[in-house]
Amino acid sequence: MFIQRISTILKNKQNTNLVIYGFGQGFNLITPLLVVPYFVSICGVENFGKTSIAMAISFFLMVFIDYGSDIIGVKDVAVNRDNKDELEKTFITTISSKLVLLVLVLMFSMLLFYFVPFFNNNKSLYFLGLPILIGQCINPTWFLQGVENFKWITILTIVSKLIYLFGIFFFIHQKEDYIFINLWWGIGTILANGLAFYYIVRKHNFSFSKLKKEHVLDLLKGNFSMFSSQIFVSLQMYSPIMLIGFFGNNLLAGHYKIVEQIIVVFKTYIYLFFNFVYPRVCYLLEKNIKEGLKFWKTYNGANFTFIVITMGILYCFSSQAVRYFTKTDVLEISDLLKLAVFIPLTLSISIPLKQLLLGFNQQQLYIRIVMIMVIVNLLLMITLLPYYGIKGVLISLIISELITIGIYYFVIKIKYKVSNY
């Protein structure tokens with residue numbers, strides 16, 4: 001009976017996709033749990049703080065290369081998945097736009113790392129992180145999400161992380177080797193994304209000879225608003241570690257990063273869950289709003305329950321979680337972790353509400369909300385950081401998410417009533 005039930009569940013394409021996607025992302029989430037303890041034991045907490053700041057800056061610069069494709073591109077592909085010409089146009093135009101933006105970002109980054117003293121003092125670390133940006137340029141995950149090809153998302157995830165693990169465990173052997181950790185992340189993404197990129201072009205027979213300059217210009221103009229909002233989202237995600245590094249020191253940045261490294265497993269899971277559900281939500285809302293809402297409630301409700309349970313367990317065993325990563329300052333870091341567990345809890349509510357807002361084509365409203373809330377969050381962090389240190393940063397993140405939840409709920413409730421869904 002049990003085997004028959006499992007077989008029935010797996011015959012459902014959506015459930016099969018979830019299993020495949022979950023396997024790949026589970027591997028993605030486990031990777032830091034293997035790397036961080038080893039890296040901290042070899043290079044120390046302070047150097048872990050340095051590499052974390054450099055990684056955050058690279059991830060922030062990635063937003064300029066993505067230029068909103070992780071939101072708009074996914075939806076365009078999802079809606080036009082049965083139209084080969086539109087898929088080809090979307091793919092070649094988006095990739096070409098990202099290539100232009102990559103060149104500009106690399107030029108700006110090199111000038112920044114060479115002439116600004118904060119970066120120049122450790123320029124080798126920052127320059128060796130630039131391959132991350134190259135890998136992001138050819139990253140086709142947004143396209144694979146749109147067509148719901150989760151098998152290949154899983155393949156590129158596992159390949160990139162295996163290369164990253166190989167580089168860390170075979171080439172990081174002494175304290176000074178910390179400058180190479182971000183380089184191996186970049187090498188892994190270039191090789192894995194390049195493989196998936198080749199697969200897509202061959203499978204769909206896409207030709208870049210059909211590229212039109214005006215399509216690239218139209219994309220750059222049309223995606224600017226969403227890109228602007230994503231800059232603010234990225235600031236919210238990566239500004240804490242950068243602010244602590246700029247106004248504190250690398251050791252404090254290391255403490256914060258250990259807490260974040262534990263929490264980010266769940267944050268990443270929530271964002272990946274968004275990536276998995278979002279294309280289907282958009283597709284169903286376009287076809288049948290009631291079916292779309294039913295799907296949204298079912299999956300996000302189950303996900304929220306999972307997050308509540310896991311955060312309760314993490315709160316109770318915070319010291320044990322911290323000791324896995326470091327044996328120094330355990331009590332101080334575990335206190336921070338107990339506060340930080342409320343971040344995934346709030347995200348597991350705000351992210352699903354974001355899905356609905358975007359699914360109802362309220363992109364402009366979403367952009368305004370994001371911009372306002374990021375400014376509020378930055379002001380809170382700058383205000384609380386001098387008085388409460390890392391705790392002030394965590395409190396500001398929680399307060400900002402709670403306010404965002406209230407705004408999203410109010411807007412969606414009005415939209416739901418006005419449209420008589």
Notebook entry, point to check: Aromatic ring centroids of Y164 and W185 under 6.0 Å?
Noted result: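 Under 6.0 Å, so yes.
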Notebook entry, point to check: Aromatic ring centroids of H204 and Y199 under 6.0 Å?
Noted result: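 No - the distance between ring centres of H204 and Y199 does not fall below the 6.0 Å cut-off.
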Is any side-chain heavy atom of [Y] closer than 4.5 Å to one of [X]?
X    : Y    : result
I390 : L385 : no
I134 : T189 : no
P131 : L183 : yes
D329 : V45  : no
F295 : V277 : yes
Y238 : M55  : no
N193 : P140 : yes
F206 : L87  : yes

Next item on the list: Just do the side chain to side chain donor-acceptor pair (under 3.5 Å) check on N300 and Q355 with the steps written out, would you?
Entry: CA-CA 10 Å; N300 286 299; Q355 285 177 353; 3.0 Å; yes
Notebook entry, point to check: With the threshold set at 4.0 Å, does a side-chain nitrogen-carboxylate oxygen contact exist between R81 and E86?
Noted result: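 Here R81 does not pair with E86 in a salt bridge, since their nearest N and O are not under 4.0 Å apart.
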Notebook entry, point to check: Does a side-chain N-to-carboxylate-O contact under 4.0 Å join E260 and K257?
Noted result: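 Looking at K257 together with E260, the answer is yes, because their closest N to O distance falls below 4.0 Å.
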Solution key, residues 341-348 side-chain donor-acceptor pairs under 3.5 Å, sequence neighbours excluded:
unit_1	atom_1	unit_2	atom_2	d
T346	OG1	F342	O	3.2
T346	OG1	I343	O	2.8
S348	OG	P344	O	3.4
S348	OG	L345	O	2.7

Ignoring hydrogens, what is the shortest heavy-atom contact between [X] and [Y]? Give both atom names and the distance.
X    : Y    : result
L220 : S97  : CD2-CB, 4.2 Å
S350 : I405 : CB-CG1, 3.6 Å
F27  : T31  : O-OG1, 2.9 Å
S207 : E88  : N-OE2, 2.9 Å

Next item on the list: Please test S109 against L130 for side-chain contact (heavy atoms from CB on, under 4.5 Å), starting from the C-alpha separation and ending with a verdict.
Entry: CA-CA 8 Å; S109 300; L130 292 179; 3.8 Å; yes
Notebook entry, point to check: Under the side-chain contact (heavy atoms from CB on, under 4.5 Å) criterion, do K354 and Y366 qualify, and how do the steps go?
Noted result: CA-CA 8 Å; K354 169 186 170 181; Y366 163 75; 3.2 Å; yes
Does [X] reach the main-chain N or O of [Y] with its side chain, forming a donor-acceptor pair under 3.5 Å?
X    : Y    : value
N139 : G135 : no
Y324 : L33  : yes
Y387 : G392 : no
N149 : W152 : yes
N377 : M373 : no
W296 : V281 : no

Notebook entry, point to check: Just checking, any donor-acceptor pair under 3.5 angstrom between side chains of Q136 and D66?
Noted result: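 Side chains of Q136 and D66: pair found under 3.5 Å.
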Please work out whether the ring planes of [X] and [Y] are parallel, tilted or perpendicular, with thresholds of 30° and 60°.
X    : Y    : result
F197 : F91  : tilted
F64  : F227 : perpendicular
F127 : F113 : perpendicular

Item checked: Chi angles and distances behind the side-chain contact (heavy atoms from CB on, under 4.5 Å) call for L128, N182 -> CA-CA 7 Å; L128 289 174; N182 295 339; over 6 Å; no
Determine all donor-acceptor pairs shorter than 3.5 Å in which one atom belongs to a side chain in residues 301-323; sequence neighbours excluded.
unit_1	atom_1	unit_2	atom_2	d
N303	OD1	Y269	OH	2.4
T305	OG1	G301	O	3.1
T310	OG1	F306	O	3.0
T310	OG1	I307	O	3.0

Item checked: side-chain contact (heavy atoms from CB on, under 4.5 Å) between I395 and L339, worked out -> CA-CA 8 Å; I395 291 170; L339 178 59; 3.9 Å; yes
